[in-house]
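Right, one structure below, let's go through it.
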Amino acid sequence: KLGELADPSGRDSPATRLAAVVRLDDALRGVGPLLKTADGRKVAKAALDAPSFQTKAFKRAFNAYSDNVFYEKNDPDRANLYLLGGTPPSSKQTIQYMHRNDALDNVQRLQEELAYLAANPSEPLDDAVAFHAAAVKAFENYFVLAGDEDKRAARALVGGAR
C-alpha cells in the first residue's frame with residue numbers, strides 16, 4: 001500500500017506532478033488506433049504492460065498530484081486531517097480519487113481483454129474498444145478538476161498538444 005503513496009519529501013511543482021498523469025494519458029490514447037489489428041493489439045498490450053501502467057506506479061502518478069496523504073504546511077491541497085493535524089480531503093480530491101480508480105479499473109480491464117484477444121483473435125473487439133473509451137473518459141474527467149495553469153504547464157513539460 002505504501003508504494004502507491006506520494007513521496008512526502010517531494011518538492012516537485014504541481015505541473016511536474018501532473019505531467020506524469022499527462023504521460024499516462026498520452027500513452028493510453030496512443031493505443032486506441034492500435035486496437036483494430038492483431039499486430040496493433042500486441043503493441044498496445046506491450047505499451048499497457050509498461051511499468052508506468054502497473055497498479056502501484058499508476059496510483060503513485062495520480063496521487064503525487066491530487067492526493068493529500070502527507071501534511072505539508074506550504075501546500076494545503078496535500079494536507080491531511082489524520083497526519084499532523086491537517087485538513088480532511090476536499091470534495092475535489094475525493095472526486096479525483098474516484099476518477100483515478102475508474103481510469104485504473106478500465107486500464108486493467110483493457111489489459112485483460114487484450115490478453116484474451118491474443119488467445120482468441122476471432123473474438124469481437126467491442127469490449128476492448130469500450131474499456132479504452134472508458135479509461136480515456138476517466139482521464140478527461142480527472143483533468144477537468146486539475147488547475148488550468150497546472151494543465152498548461154504539464155502539457156508544456158510533456159510536449160505535444162491536446
Side-chain angles (χ1 to χ4, degrees), residues 1-8 10-70 75 77-78 89-118 125-162:
K1 178 86 178 162
L2 291 177
E4 66 196 43
L5 301 178
D7 180 0
R11 299 288 179 246
D12 293 334
S13 72
T16 300
R17 295 189 306 252
L18 185 60
V21 181
V22 170
R23 285 184 192 96
L24 287 169
D25 181 54
D26 286 353
L28 176 65
R29 288 173 186 273
V31 304
L34 300 172
L35 299 178
K36 297 174 185 172
T37 67
D39 287 340
R41 288 189 295 276
K42 288 178 189 174
V43 174
K45 183 175 181 331
L48 295 176
D49 285 344
S52 59
F53 280 98
Q54 299 308 306
T55 300
K56 282 186 180 182
F58 190 92
K59 287 182 176 182
R60 190 179 309 116
F62 278 83
N63 290 351
Y65 178 73
S66 60
D67 202 354
N68 68 340
V69 170
F70 298 103
D75 190 350
D77 286 339
R78 297 180 81 193
S90 69
S91 295
K92 179 178 102 170
Q93 288 168 317
T94 301
I95 294 167
Q96 283 177 310
Y97 183 80
M98 292 183 335
H99 292 314
R100 180 208 74 180
N101 286 346
D102 191 28
L104 177 61
D105 288 346
N106 283 291
V107 165
Q108 289 175 332
R109 289 179 184 123
L110 179 56
Q111 290 166 326
E112 292 166 3
E113 186 66 13
L114 289 172
Y116 174 79
L117 289 170
L125 306 176
D126 298 351
D127 288 341
V129 170
F131 295 145
H132 179 264
V136 167
K137 182 65 175 168
F139 272 88
E140 289 172 354
N141 291 338
Y142 180 88
F143 288 130
V144 164
L145 297 172
D148 289 338
E149 181 56 35
D150 292 347
K151 289 186 280 193
R152 279 190 295 276
R155 176 50 63 193
L157 288 169
V158 172
R162 203 160 303 286

Atom pair [atom1]/[atom2] of [X] and [Y] - distance to nearest 0.5 Å:
X: Thr37; Y: Leu125; atom1: OG1; atom2: CG; answer: 9.5 Å
X: Arg100; Y: Asn141; atom1: CZ; atom2: CG; answer: 15.0 Å
X: Lys137; Y: His99; atom1: NZ; atom2: NE2; answer: 9.0 Å
X: Arg23; Y: Leu18; atom1: CZ; atom2: CG; answer: 10.0 Å
X: Leu114; Y: Lys42; atom1: CG; atom2: NZ; answer: 12.5 Å
X: Arg41; Y: Leu34; atom1: CZ; atom2: CG; answer: 10.5 Å

Indicate the atoms forming the closest heavy-atom contact of [X] with [Y], along with that distance.
X: Pro51; Y: Ala57; value: O-CB, 3.3 Å
X: Ala61; Y: Val21; value: O-CG2, 3.5 Å
X: Phe53; Y: Ala47; value: CD1-O, 3.6 Å
X: Leu35; Y: Ala128; value: CD1-O, 4.0 Å
X: Lys59; Y: Leu104; value: CE-CD2, 3.5 Å
X: Leu28; Y: Ala135; value: CD2-CB, 3.6 Å

- Can we call the ring centroids of Phe62 and Phe139 under 6.0 Å apart?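 For Phe62 and Phe139, the ring centres are under 6.0 Å apart.
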
- Can a salt bridge be assigned to the pair Asp26 and Arg29 using a cut-off of 4.0 Å between side-chain N and carboxylate O?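 So Asp26 does not pair with Arg29 through a salt bridge.
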
- Query: Does a salt bridge link Arg109 with Glu112, judged by any charged N lying under 4.0 Å from a carboxylate O?
  - Reply: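 Not counted as a salt bridge, because no side-chain N and carboxylate O are separated by less than 4.0 Å.
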
- Query: Is there a donor-acceptor pair closer than 3.5 Å between any side-chain N or O of Gln111 and the backbone N or O of Lys45?
  - Reply: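 Not a single qualifying donor-acceptor pair exists.
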
- Item | Side chains of Asp150 and Tyr65, donor plus acceptor under 3.5 Å |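 Present: a donor and an acceptor within the cut-off.
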
- Task: Using only heavy-atom distances, determine whether the side chains of Asp102 and Asn106 contain a donor-acceptor pair under 3.5 Å.
- Result: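 Yes.
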
